[in-house]
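Below: the structure, in C-alpha coordinates.
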Amino acid sequence: TSAKEKHDEL
Amino acid sequence: MNIFRLVADLMHLASIFILLLKIQKTRSCSGISFKSQLLYSIVFVTRYLDLFTAFISLYNTSMKIFFIATSIYILYLMKFKFRATYDPNLDTFRVEFLLGGSLLLALIFSDFVLMEILWQFSIYLESVAILPQLFMLSRTGEAETITTHYLFALGGYRALYLINWLWRFVTESHVDKISWIAGAVQTALYSDFFYIYYTKVLHGKKFELP
(Lines give C-alpha, C1' and ligand atoms only; values in the text may rest on other atoms or scores of the structure.)
Protein backbone atom coordinates (compact mmCIF):
# COMPACT_ATOMS: atom_id res chain seq x y z
CA THR A 1 0.00 0.00 0.00
CA SER A 2 1.19 3.50 -0.71
CA ALA A 3 1.59 6.15 1.94
CA LYS A 4 -1.49 7.82 0.53
CA GLU A 5 -3.70 4.78 1.11
CA LYS A 6 -2.11 4.08 4.44
CA HIS A 7 -2.31 7.43 6.21
CA ASP A 8 -5.20 9.44 4.90
CA GLU A 9 -6.20 10.69 8.35
CA LEU A 10 -4.85 13.71 10.16
CA MET B 1 -14.67 11.18 5.25
CA ASN B 2 -17.53 10.55 7.62
CA ILE B 3 -19.33 12.80 10.10
CA PHE B 4 -17.42 11.47 13.13
CA ARG B 5 -14.05 12.23 11.61
CA LEU B 6 -15.15 15.62 10.32
CA VAL B 7 -16.50 16.68 13.72
CA ALA B 8 -13.36 15.25 15.38
CA ASP B 9 -11.10 17.30 13.11
CA LEU B 10 -13.22 20.40 13.74
CA MET B 11 -12.94 19.82 17.49
CA HIS B 12 -9.18 19.56 17.11
CA LEU B 13 -9.25 22.80 15.18
CA ALA B 14 -11.49 24.38 17.82
CA SER B 15 -9.17 23.27 20.64
CA ILE B 16 -6.34 25.24 19.06
CA PHE B 17 -8.50 28.33 18.60
CA ILE B 18 -9.62 28.08 22.23
CA LEU B 19 -6.02 27.82 23.39
CA LEU B 20 -5.01 30.85 21.29
CA LEU B 21 -8.02 32.75 22.62
CA LYS B 22 -7.08 31.88 26.20
CA ILE B 23 -3.51 33.10 25.74
CA GLN B 24 -4.49 36.29 23.88
CA LYS B 25 -7.45 37.18 26.09
CA THR B 26 -5.80 36.61 29.45
CA ARG B 27 -2.46 37.73 27.99
CA SER B 28 -1.01 34.78 29.85
CA CYS B 29 -0.05 31.17 29.27
CA SER B 30 -0.33 30.20 32.91
CA GLY B 31 -1.84 26.78 33.38
CA ILE B 32 -0.57 25.61 29.98
CA SER B 33 2.23 23.07 29.80
CA PHE B 34 4.98 24.17 27.42
CA LYS B 35 6.20 20.59 27.36
CA SER B 36 2.88 19.27 26.04
CA GLN B 37 2.81 22.01 23.40
CA LEU B 38 6.36 21.16 22.38
CA LEU B 39 5.41 17.49 22.04
CA TYR B 40 2.44 18.43 19.83
CA SER B 41 4.73 20.43 17.55
CA ILE B 42 7.04 17.43 17.28
CA VAL B 43 4.00 15.21 16.58
CA PHE B 44 2.77 17.43 13.73
CA VAL B 45 6.15 17.98 12.13
CA THR B 46 7.11 14.29 12.16
CA ARG B 47 3.69 13.05 11.00
CA TYR B 48 3.05 15.57 8.27
CA LEU B 49 6.32 15.17 6.40
CA ASP B 50 4.14 13.45 3.80
CA LEU B 51 3.04 16.95 2.77
CA PHE B 52 6.05 16.70 0.48
CA THR B 53 5.36 13.21 -0.86
CA ALA B 54 1.62 12.65 -1.03
CA PHE B 55 -1.39 14.76 -1.88
CA ILE B 56 -4.64 13.50 -0.35
CA SER B 57 -6.98 16.49 -0.57
CA LEU B 58 -7.02 20.23 -0.19
CA TYR B 59 -8.76 19.70 3.17
CA ASN B 60 -6.03 17.34 4.35
CA THR B 61 -3.18 19.60 3.19
CA SER B 62 -4.66 22.78 4.67
CA MET B 63 -5.32 21.13 8.02
CA LYS B 64 -1.77 19.78 8.19
CA ILE B 65 -0.27 23.17 7.43
CA PHE B 66 -2.61 24.78 9.97
CA PHE B 67 -1.64 22.34 12.73
CA ILE B 68 2.09 22.71 12.12
CA ALA B 69 1.94 26.52 11.87
CA THR B 70 -0.27 27.11 14.91
CA SER B 71 1.63 24.66 17.13
CA ILE B 72 4.87 26.49 16.39
CA TYR B 73 3.16 29.86 16.88
CA ILE B 74 1.95 28.71 20.32
CA LEU B 75 5.51 27.73 21.24
CA TYR B 76 6.60 31.21 20.19
CA LEU B 77 3.90 32.84 22.31
CA MET B 78 4.89 30.78 25.34
CA LYS B 79 8.64 31.08 24.95
CA PHE B 80 8.83 34.75 23.93
CA LYS B 81 5.74 36.94 23.98
CA PHE B 82 4.24 35.70 27.25
CA ARG B 83 7.32 34.10 28.71
CA ALA B 84 6.92 35.90 32.05
CA THR B 85 3.58 34.20 32.67
CA TYR B 86 4.95 30.68 32.32
CA ASP B 87 6.11 28.92 35.47
CA PRO B 88 8.57 26.12 34.63
CA ASN B 89 8.48 24.93 38.25
CA LEU B 90 4.95 23.58 37.66
CA ASP B 91 5.86 21.93 34.36
CA THR B 92 8.23 19.23 35.54
CA PHE B 93 7.03 16.08 33.79
CA ARG B 94 9.96 14.11 32.36
CA VAL B 95 9.25 14.09 28.63
CA GLU B 96 12.47 12.21 27.86
CA PHE B 97 10.66 8.98 28.69
CA LEU B 98 7.76 9.79 26.38
CA LEU B 99 10.08 10.68 23.51
CA GLY B 100 12.37 7.69 24.09
CA GLY B 101 9.53 5.23 24.56
CA SER B 102 7.74 6.41 21.42
CA LEU B 103 10.91 6.17 19.36
CA LEU B 104 11.66 2.70 20.70
CA LEU B 105 8.17 1.43 19.85
CA ALA B 106 8.39 3.00 16.38
CA LEU B 107 11.72 1.27 15.75
CA ILE B 108 10.43 -2.09 16.96
CA PHE B 109 7.16 -2.20 15.04
CA SER B 110 7.73 -0.32 11.80
CA ASP B 111 9.38 -1.59 8.66
CA PHE B 112 12.54 0.54 8.76
CA VAL B 113 11.38 3.11 6.26
CA LEU B 114 12.21 6.54 7.67
CA MET B 115 8.82 8.10 6.93
CA GLU B 116 7.04 5.13 8.45
CA ILE B 117 9.16 5.22 11.60
CA LEU B 118 8.44 8.93 12.00
CA TRP B 119 4.72 8.39 11.38
CA GLN B 120 4.53 5.68 14.04
CA PHE B 121 6.65 7.75 16.41
CA SER B 122 4.21 10.64 16.01
CA ILE B 123 1.19 8.39 16.66
CA TYR B 124 2.69 7.01 19.87
CA LEU B 125 3.90 10.41 20.99
CA GLU B 126 0.52 12.03 20.38
CA SER B 127 -1.17 9.43 22.57
CA VAL B 128 0.89 10.53 25.59
CA ALA B 129 1.66 14.17 24.71
CA ILE B 130 -1.08 15.43 27.05
CA LEU B 131 0.57 13.85 30.11
CA PRO B 132 2.75 16.88 31.03
CA GLN B 133 -0.41 19.04 30.81
CA LEU B 134 -2.46 16.69 32.99
CA PHE B 135 0.44 16.39 35.41
CA MET B 136 0.60 20.17 35.68
CA LEU B 137 -3.14 20.27 36.31
CA SER B 138 -2.82 17.70 39.10
CA ARG B 139 -0.04 19.75 40.70
CA THR B 140 -2.00 22.99 40.71
CA GLY B 141 -5.29 21.18 41.47
CA GLU B 142 -7.39 23.65 39.47
CA ALA B 143 -7.73 25.19 36.03
CA GLU B 144 -9.23 28.22 34.36
CA THR B 145 -12.54 27.34 32.70
CA ILE B 146 -11.29 28.27 29.23
CA THR B 147 -8.33 25.91 29.69
CA THR B 148 -10.73 23.08 30.51
CA HIS B 149 -12.69 23.81 27.30
CA TYR B 150 -9.42 23.51 25.42
CA LEU B 151 -8.69 20.14 27.05
CA PHE B 152 -12.22 18.90 26.44
CA ALA B 153 -12.06 19.72 22.73
CA LEU B 154 -8.62 18.13 22.44
CA GLY B 155 -9.67 14.94 24.25
CA GLY B 156 -13.00 14.77 22.45
CA TYR B 157 -11.25 14.85 19.10
CA ARG B 158 -9.52 11.51 19.66
CA ALA B 159 -12.56 9.97 21.31
CA LEU B 160 -14.56 10.72 18.14
CA TYR B 161 -11.77 9.19 16.06
CA LEU B 162 -12.47 5.89 17.87
CA ILE B 163 -16.03 5.99 16.53
CA ASN B 164 -14.69 6.98 13.10
CA TRP B 165 -12.43 3.91 13.10
CA LEU B 166 -15.30 1.64 14.06
CA TRP B 167 -17.36 3.22 11.27
CA ARG B 168 -14.57 2.81 8.73
CA PHE B 169 -14.03 -0.80 9.76
CA VAL B 170 -17.68 -1.60 9.15
CA THR B 171 -18.13 0.43 5.95
CA GLU B 172 -14.71 0.17 4.25
CA SER B 173 -12.99 -2.72 6.11
CA HIS B 174 -10.34 -0.14 6.96
CA VAL B 175 -7.90 -1.46 9.59
CA ASP B 176 -5.14 0.51 11.30
CA LYS B 177 -4.22 -1.24 14.54
CA ILE B 178 -1.46 1.17 15.58
CA SER B 179 -3.73 4.21 15.33
CA TRP B 180 -6.52 2.32 17.10
CA ILE B 181 -4.47 1.21 20.08
CA ALA B 182 -2.70 4.55 20.48
CA GLY B 183 -6.01 6.38 20.05
CA ALA B 184 -7.66 4.24 22.73
CA VAL B 185 -4.77 4.93 25.13
CA GLN B 186 -4.95 8.64 24.35
CA THR B 187 -8.69 8.77 25.02
CA ALA B 188 -8.36 6.74 28.23
CA LEU B 189 -5.85 9.24 29.62
CA TYR B 190 -8.60 11.86 29.52
CA SER B 191 -11.18 9.79 31.41
CA ASP B 192 -10.59 11.42 34.82
CA PHE B 193 -10.55 14.84 33.21
CA PHE B 194 -13.79 14.17 31.28
CA TYR B 195 -15.47 13.08 34.50
CA ILE B 196 -14.55 16.25 36.41
CA TYR B 197 -15.31 18.43 33.38
CA TYR B 198 -18.78 16.88 33.18
CA THR B 199 -19.57 17.00 36.90
CA LYS B 200 -18.14 20.47 37.58
CA VAL B 201 -17.48 22.72 34.58
CA LEU B 202 -20.67 21.81 32.73
CA HIS B 203 -22.59 22.56 35.91
CA GLY B 204 -21.14 26.04 36.10
CA LYS B 205 -18.54 25.29 38.75
CA LYS B 206 -14.81 25.90 38.70
CA PHE B 207 -12.56 23.02 37.69
CA GLU B 208 -10.99 21.77 40.91
CA LEU B 209 -9.55 18.39 41.69
CA PRO B 210 -11.26 16.57 44.55
Side-chain angles (χ1 to χ4, degrees), chain A, chain B residues 1-2 4-6 8-13 16 40 43-44 46-57 59-68 110-111 113-120 122-123 126 157-158 160-162 164-165 167-168 172-180 182-183:
Chain A
T1 50
S2 73
K4 183 176 170 177
E5 285 166 312
K6 234 176 170 179
H7 310 310
D8 61 343
E9 292 178 343
L10 288 163
Chain B
M1 180 61 76
N2 57 64
F4 306 109
R5 195 165 140 202
L6 180 64
D9 287 344
L10 293 179
M11 275 182 91
H12 196 183
L13 211 61
I16 291 167
Y40 284 122
V43 164
F44 294 139
T46 50
R47 187 176 311 164
Y48 299 154
L49 282 176
D50 66 352
L51 273 171
F52 298 104
T53 60
F55 179 79
I56 293 156
S57 65
Y59 170 85
N60 187 280
T61 300
S62 349
M63 292 288 253
K64 284 172 174 170
I65 292 171
F66 177 85
F67 288 133
I68 293 174
S110 68
D111 37 14
V113 176
L114 182 65
M115 292 278 280
E116 196 53 29
I117 293 173
L118 290 173
W119 178 82
Q120 270 199 31
S122 81
I123 291 287
E126 184 189 348
Y157 132 74
R158 221 47 177 175
L160 277 178
Y161 254 83
L162 296 180
N164 153 62
W165 290 322
W167 181 264
R168 292 191 71 181
E172 325 163 19
S173 304
H174 171 85
V175 177
D176 187 344
K177 285 185 199 138
I178 288 167
S179 295
W180 291 358

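Each chain gets a letter, A, B and so on, in the order the sequences are listed, and its residues count up from 1. Atom set for the values below is all heavy atoms of this structure, side chains included, hydrogens, waters and symmetry mates excluded. Bear in mind the structure is a predicted one, so any value in this text is a computation, not a measurement.
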* Using non-hydrogen atoms and a 4.5 Å limit, figure out which bit of B:Tyr161 sits close to chain A: side chain, backbone, both or neither. => side chain
* To do: Identify which of B:Met63, B:Arg5, B:His12 forms the greatest number of heavy-atom pairs closer than 4.5 Å to chain A.
  => B:Arg5
* B:Met115 versus A:His7: any side-chain heavy-atom pair under 4.5 Å? -> no
* To do: First locate atom CG of B:Asp176, then atom CD of A:Glu9, and finally report the distance between them rounded to the nearest 0.5 Å.
  => 7.0 Å
* Structure fact -> For A:Leu10 and B:Lys64 the tightest heavy-atom approach is CD2-CG, 3.8 Å
* In terms of heavy-atom proximity below 4.5 Å to chain A, should B:Asn60 be classed as side chain, backbone, both, or neither? -> both
* Asked: Counting only heavy atoms not in B:Trp180, do more than 12 sit closer than 6.0 Å to its CH2 atom?
  -> yes
